[in-house]
Amino acid sequence: MSVFAMTMALSGSAAAVEINREQGTTSASGDWFTSNGTGTIDPGTTLFQGEGDISDSDYTGTATFPDDFERQSGSNAGNPLEAPLPTDQDTGTYNATDGSGEKLTVRTPRITDHEFRLASGDGDTDVTGGTVPASQSHLYILADYNFQTAEDLEITVEDENGNDWTDTVTDASASADYSAGTTRAHINQLDSNQGGPMDVVFNISLDSLDSGQYTVTVEGVDDLDHGDASVSDTFTISSQDDVALSLDSDEVVQGEDVGYSIDGSVEGNYHIVRIDNGDASDTTTDASNIFNNVNDVVRVGNASFGDGYAWALVEIDGGVGSGIIDTAYLTDDDIDVEVTEAVTGNFGNSSWTTGNGVVTDYDEEDSATLTVTEGSVTLENPSDFYVPGSDITVNGTATPGVDDVYFYARDQGDYHQVGLDSSLGLNVADGEFEAEDVSLTQSAGTHEGSNILNYPGTYRFAAVAEINQNSLTSSAVASNVSDTITLRVSDADLEANASIINGMLADGDGLDISGVAPGSSNVDVTYIGPRGDIHTTDTSVGSDSTWDLNNHPPQSIAKGSTVLIASVNGRDDGYGSNSSAQRIDGIPALAGSGSWSGGTANTGMTQQQALEVFNGNTVDDTGSDDQAVTFNFRYADPQTTVETVDDENDVNGMVQVGNEMTVEGTTNRQPGSTVITAEVIDGPSSNQFDVATTEDWGSDGMWSVTLNTSDMEPGTYTIEASDGDSSDIMEFELTEDEIGTPADTPADTPADTPADTPADTPADTPADTPADTPADTTEGQDGPGFGVAIALIALVAAALLAVRRNN
């Protein structure tokens, strides 16, 4: 490519010549000065967006500039040419509308390429954005651009604080490499043999510049300093002349990555960073993994074991060569990291990966000491206890540098790996590792450590950093980053509860059955009816070991005495000695003379026979570890009764007007699924009573409601309690008189009762009759006191009759 050679002036711009913009030569009629972007233009000239120093007087053609020029085609046809040209003037050809046939072209000005080089030749290193050694005296700024016929280029050099160093670095002492007789001409006049890889080369002096970063801006000298006609880039003068190696951190935890950087070298050079193989934690396998092939690293390797080196070949790119050391493969010690002098050779040659001599042939330029300390892992869960098959949380913490943690169990001898469900190990994020709802024994058939924990006992459990192997010796666990605990493994009892009400379950209702089953994935729930018929189903166990089966009714079970059984199989995942019988309906013997259909079977056995077969194939089988919880209840028709109607005086069947009336009874219905209503259906003011309801009662089936009796008429009433399927009624007396206890009435007022209320309480005073008819009770008396004895007997009989009627 041809060169825009220049002599350097204090302005930092390239000196220009007088040219013809149409032809790009110095012999045409038009004169244009690229040093300031002024002069005359001819028809056929290429203009650039943003040029502002052109008027009609500068145009040598016959058409009027710019008024006679407009776009003739394309989406912007008819758009006029403007002067000065806006930076967004439509690009393309503009034709004169005066019939002269003259044309002008508009283009976008661009600096198409630029480089900063330590020397001016084609093969020299590009340090754009990079570092220049402190010993470098010159830097060459090269640029290609498309508006050579319009304006020269100029440069500006500023430091990090915005100070302008342009005059200093472009003074007369900064010689121009391409100044031999060429000041400036159109690019087509320059032959490629006039030197230079680009259109323009600025030679700037670095002698007066301190170390630090500098920004160079290259742009047109006049109007063309916008958009792509202006570029800026940086170079950094190194603070040292010698190659230096630095580490991101001088001390790290084993397993943590640490970055390294090479400074002070020439852009494009290659250096070896090396660590003695003896510093590898396992010299037979780990040395090749110490250096990561990242960033500016070209290749990594390990030059023979023993006295050799682990190494990385690093390129200086942008003034720095960087890479990463993985300390997981280093011992916890002080490690010497070395950088060599610049190396040469065929870096694609396979000999770089073999033969220690290639790596050791180069002298050390600098070194740094890396202190590697041992990391730590802390296991939080499990802590001391585990139930085989149960889902738990496994978690803990790890120091920086630990990326993964793996788990092992030991009974005797070596440690063996434990699976978490079907996976191995956990990733460490932000110093923590955790997995929820995982089983330590699910993969017992695959991983020996999980198999160990599948049986009750006391074991050692270890969390080990980074090492993913089937087994580890005790010394390997102890010497690596790890944490160990004593883990007790034992079976846990099955727990179950059932919502049996008053010893019964009403036909049409279902039981709520729930409990805890640690280590089990399912619980079987089985009904065995009075005729030996069976209905079974299963429900899953949650991650917290709880299970439930709500509103579960028997199916195909006769009414009568019924047995409910909640059961789980053992560690072999099968009932009894039949490992294939994972569910109750998988036990053929339980079907008796019948067969299983939808979880039910007409066994042809008595209830007792069915129970014996059930137990014999589950909990009572030889060597069985199955578990079962049994409930007995009566499967019956719905039943709701009224037992008492009273008030605060606690006399059943008697309520004083104005007092709150309490109605109590029993039911065998399930609370929450049935509503019991209590309604006064007969009596003087029956239609004035509210209807009371309840759907809350306990396992004893006792229910209770209250009713307001204010302003009700005294008299005999009937109340009915109903659950929708069954009902019961009871009479009660509503009175305005004060009510005493049944025991108080005859003893306190034996003579008052018949006189006070002979007509008001006929039902309450059956013992009053003898007192009303003394002739009857004294007839045939033989001696003194005989009549009194008869009267007392009659009084007691009357009191007993009253109590019976109240109940």
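Not measured: the values here are computed from a predicted model.
- To the nearest 0.5 Å, atom CD1 of residue Ile565 and atom OG1 of residue Thr618 are 7.0 Å apart.
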Would you please test Ser232 and Thr217 for side-chain hydrogen bond (donor to acceptor under 3.5 Å, both in side chains) and show each step? CA-CA 4 Å; Ser232 294; Thr217 300; 2.8 Å; yes
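- For the pair Arg410 and Tyr415, the cation-pi test (distance below 6.0 Å, angle within 45°) is passed.
- At a threshold of 4.5 Å between non-hydrogen side-chain atoms, the residues Ile141 and Leu139 count as touching.
- By the 4.5 Å heavy-atom criterion applied to side chains, Asp336 and Ile275 are not counted as neighbours.
- Nearest approach of Ala310 to Asn277, heavy atoms of both residues: N-OD1, 3.1 Å.
- Across all non-hydrogen atoms, the minimal contact from Ala492 to Val387 is CB-CG2, 3.8 Å.
- Distance check: Ser474 OG to Asp414 CG gives 6.5 Å after rounding to the nearest 0.5 Å.
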Should Arg274 and Thr340 be marked as a side-chain hydrogen bond (donor to acceptor under 3.5 Å, both in side chains) after you check the CA-CA gap, both sets of side-chain angles, and the distance that decides it? CA-CA 8 Å; Arg274 62 195 182 193; Thr340 70; 5.6 Å; no
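- Taking the side chain as every heavy atom from C-beta outward, Asn292 and Val300 never approach each other to under 4.5 Å.
- In this structure a side-chain-to-backbone donor-acceptor pair under 3.5 Å is present from Thr399 to Ser376.
- Ring orientation note: the planes of Tyr260 and Phe291 are nearly perpendicular, at an angle over 60° on the 30°/60° scale.
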Would Tyr408 and Ser471 satisfy side-chain hydrogen bond (donor to acceptor under 3.5 Å, both in side chains), going step by step from the backbone distance to the final call? CA-CA 8 Å; Tyr408 297 82; Ser471 63; over 6 Å; no
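- Between Gln417 and Phe407, the closest side-chain pair of non-hydrogen atoms is not below 4.5 Å.
- Considering every non-hydrogen atom in both Val320 and Thr131, the closest pair reads CG2-OG1, 4.4 Å.
- Applying the ring pair (Phe, Tyr, Trp, His ring centres under 6.0 Å) criterion to Phe235, with sequence neighbours excluded, gives Tyr214.
- Thr484 and Arg460 are linked by a side-chain donor-acceptor pair at a separation below 3.5 angstrom, with hydrogens and angles left out of the test.
- The shortest distance between side-chain heavy atoms of Val481 and Glu374 falls below 4.5 Å.
- A side-chain donor from one of Asp437 and Ser543 sits under 3.5 Å from a side-chain acceptor of the other.
- Heavy-atom minimum distance, Leu424 versus His447: CD2-NE2, 3.6 Å.
- Residues Val525 and Asp538 fail the side-chain proximity criterion, which asks for heavy atoms closer than 4.5 Å.
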